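Take a look at the structure set out below.
This one's a predicted model, so the numbers in the text were calculated from it and none came from an experiment. Quick note on labels: first sequence line is chain A, next is B, and so on, each numbered from 1.
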2 protein chains.
Amino acid sequence: MTSLAEVHLNCSTCNLKDLCMPVGLSPVELEQLDELVSVRRKVIKGEVLFNAGDDFSSIYAVRAGTFKTRITTQEGTDQVTGFQMTGEIIGLDGIGNNNHICDAVALEDSEVCVIPYARLDDISQQFRSLQTHFHRIMGREIVKDQNVMLLLGSMRAEQRLAAFLSSLSERQRARGFSGREMVLRMTREEIGSYLGLKIETVSRTLTKLQKDGLIQITQRQLTLLRLDDLKHLATHL
Amino acid sequence: MTSLAEVHLNCSTCNLKDLCMPVGLSPVELEQLDELVSVRRKVIKGEVLFNAGDDFSSIYAVRAGTFKTRITTQEGTDQVTGFQMTGEIIGLDGIGNNNHICDAVALEDSEVCVIPYARLDDISQQFRSLQTHFHRIMGREIVKDQNVMLLLGSMRAEQRLAAFLSSLSERQRARGFSGREMVLRMTREEIGSYLGLKIETVSRTLTKLQKDGLIQITQRQLTLLRLDDLKHLATHL
DNA sequence: CGTGTTATTGAGTAGCATCAATAATTGTGG
DNA sequence: CCACAATTATTGATGCTACTCAATAACACG
């Protein structure tokens, strides 16, 4: 099922260390993290990193590529609960009940660093700053989810898309890109599923944003022409 | 502003210990928890436990009463992000960035146990099972939020209310009540804000559920007449 | 007992969904 | 590498859900 090309490496020399798990850790702590994160795993496009119901054993840091997480309802319909880019953590949903509640799927050929949860617990037991750090990562996940609740509960289609595109832009910028031009790794349907909209509405709304001169979009190739206006739209009605 | 009637007490003798923070802890660990949770605080109806922007110092276990948490947008509109009953934890939103992102407001005269976060970190550093336990509590918060995302992203008004009422019922049952009859502590507007609906829609939908014989509701007094059908409605289209 | 808050109900409407047809793109097997 | 199938995206016409506006009623509080 899943390809298991696993490679041993470490965090302290990783070029993502300013974005990812190691953020803000001292050299000594980094050394501990290196011991913890010793395995990488490739996940090719469309492949699943874990499924809902799987036993929870590890969390994952996206080393390269993009993922989506999705929850499937009892009816079989499913909803995207998030998109994860390099440096972001996947799998925290499993901690609550020792098994995953969502699937994680690669949107392009990707690679993750595997962080065995039991060992993370061990080591953060010994190094308090690592513990604090991990708590913060979980806390940010909670904040992020609550912001999505806000979006889904009270924004209109145009606002939702403006907020979504702004968020993508900011995350790209944090990764050293311009944040002005980017390639969408997800389909319109996946965007819609995440934003609580149908694919036709996503398509129409993107067209409208383009007509209004806020963005330029051709297939997956996106340019944010007036980012300020886009952000304003997302927050001010 | 806030009344600070604080009382010293402990978890090991608390009648909520099967619902609350102590769930599943051994006597030894309970002893540690007692040391941690030594202060209670009363919050009268309408009063605020903490505000968005406040420095994060503690999390809180609801000892008695009911709270809501709400996020305020830049426009000044706000959205309810959760309702907390006895034994449930409030304030985890503060961990991510060391300050709260939501307000917590008492919906009736209430009381919380104050759990200083720094000391929680200290003690879970020493007692691994406490650390694991706390991680699980945070993990469940993430799961809960993602389920709300699902509700907001893909359910219709009737389903949302059915899911909401079912959830209230289950939580009441977990607290030793029948789960059939209960008093709503929140207004229709607060319910609507939580479910992403307007007050008129909440009112109309409750009336419809009553006409269909699923519930009986008079003001805040609610009886679930056919809980199975209600749950079925919440999950099966 | 009066005032402000909360809730209900009706009429009309806006926004998004649905249904449908077509186009563009991607992936696949020969 | 091309042809065909499957997937993804766009656009239009129509319908339905939930919102808005408005009036009234019921209740909570001082």
_Presence of donor-acceptor pair under 3.5 Å, side chain of A/R204 and base of C/dG15_ = no
*Return the value, rounded to whole Å, for the distance between atom CD of A/Q210 and atom C1' of D/dT10.*
12 Å
*A/E190 pairs by salt bridge (charged side-chain N to carboxylate O under 4.0 Å, His left out) with which of A/R220, A/K68, A/R185, A/R70?*
A/K68
*asked:* Just to verify, which of B/V148, B/L151, B/T205 counts as forming a side-chain contact (heavy atoms from CB on, under 4.5 Å) with B/L195?
replied: B/L151
*asked:* A quick test of your reading: do over 12 heavy atoms of other residues, nucleotides or ligands sit less than 6.0 Å from CD of B/E189?
replied: no
*asked:* Quick check for you: among C/dA17, C/dA7, D/dC19, whose closest atom lies nearest to any side-chain atom of B/S203?
replied: C/dA7
*Ignoring hydrogens and angles, are the base of D/dC21 and the side chain of B/E200 linked by a donor-acceptor pair under 3.5 Å?*
yes
*Considering heavy-atom distances to DNA chain D, does B/T218 or B/R156 have its closest nucleotide positioned more toward the 5' end?*
B/R156
_Side-chain N or O of A/T187 versus OP1/OP2 of D/dT7: is the shortest distance under 4.0 Å?_
no
*Can you tell me the distance, in whole Å, between the CD atom of B/E190 and the C1' atom of C/dT5?*
12 Å
*Within less than 4.0 Å of OP1 or OP2 of D/dT8, is there a side-chain N or O belonging to A/R188?*
no
*Residue met sooner reading DNA chain C from 5', once A/Q219 and A/G196 are mapped to nucleotides*: A/G196
_Rounded distance (Å) that lies between atom C1' of D/dC29 and atom CG of B/D109_ = 14 Å
*Would you kindly give the NZ-to-C1' distance between A/K45 and C/dT25, to the nearest whole Å?*
11 Å
*asked:* Counting distance alone, no hydrogens or angles: does the base of D/dT7 have a donor or acceptor under 3.5 Å from a partner atom on the side chain of A/R220?
replied: no
*Between the side-chain atoms of B/R160 and the base atoms of D/dT17, is any donor-acceptor pair under 3.5 Å?*
no
*Tell me: NZ of A/K198 to P of D/dT10, nearest whole Å?*
17 Å
*Between C/dT8, D/dC19, D/dA9, which nucleotide has the shortest distance from any of its atoms to the side chain of B/I199?*
C/dT8
_Greater than 12 external heavy atoms within 6.0 Å of A/R226's CZ_ = yes
*With respect to the phosphate group of C/dA17, does any side-chain polar atom (N or O) of A/T201 fall under 4.0 Å of OP1 or OP2?*
yes
*To the nearest angstrom, how far is B/M155 atom CE from D/dA18 atom C1'?*
17 Å
_Pair A/E170 + A/K231: basic N to acidic O under 4.0 Å_ = yes
*In whole angstroms, how far is the P atom of D/dA18 from the CG atom of B/L197?*
7 Å
*Measure the distance from CD on B/E108 to P on D/dC29 and round it to the nearest whole Å.*
13 Å
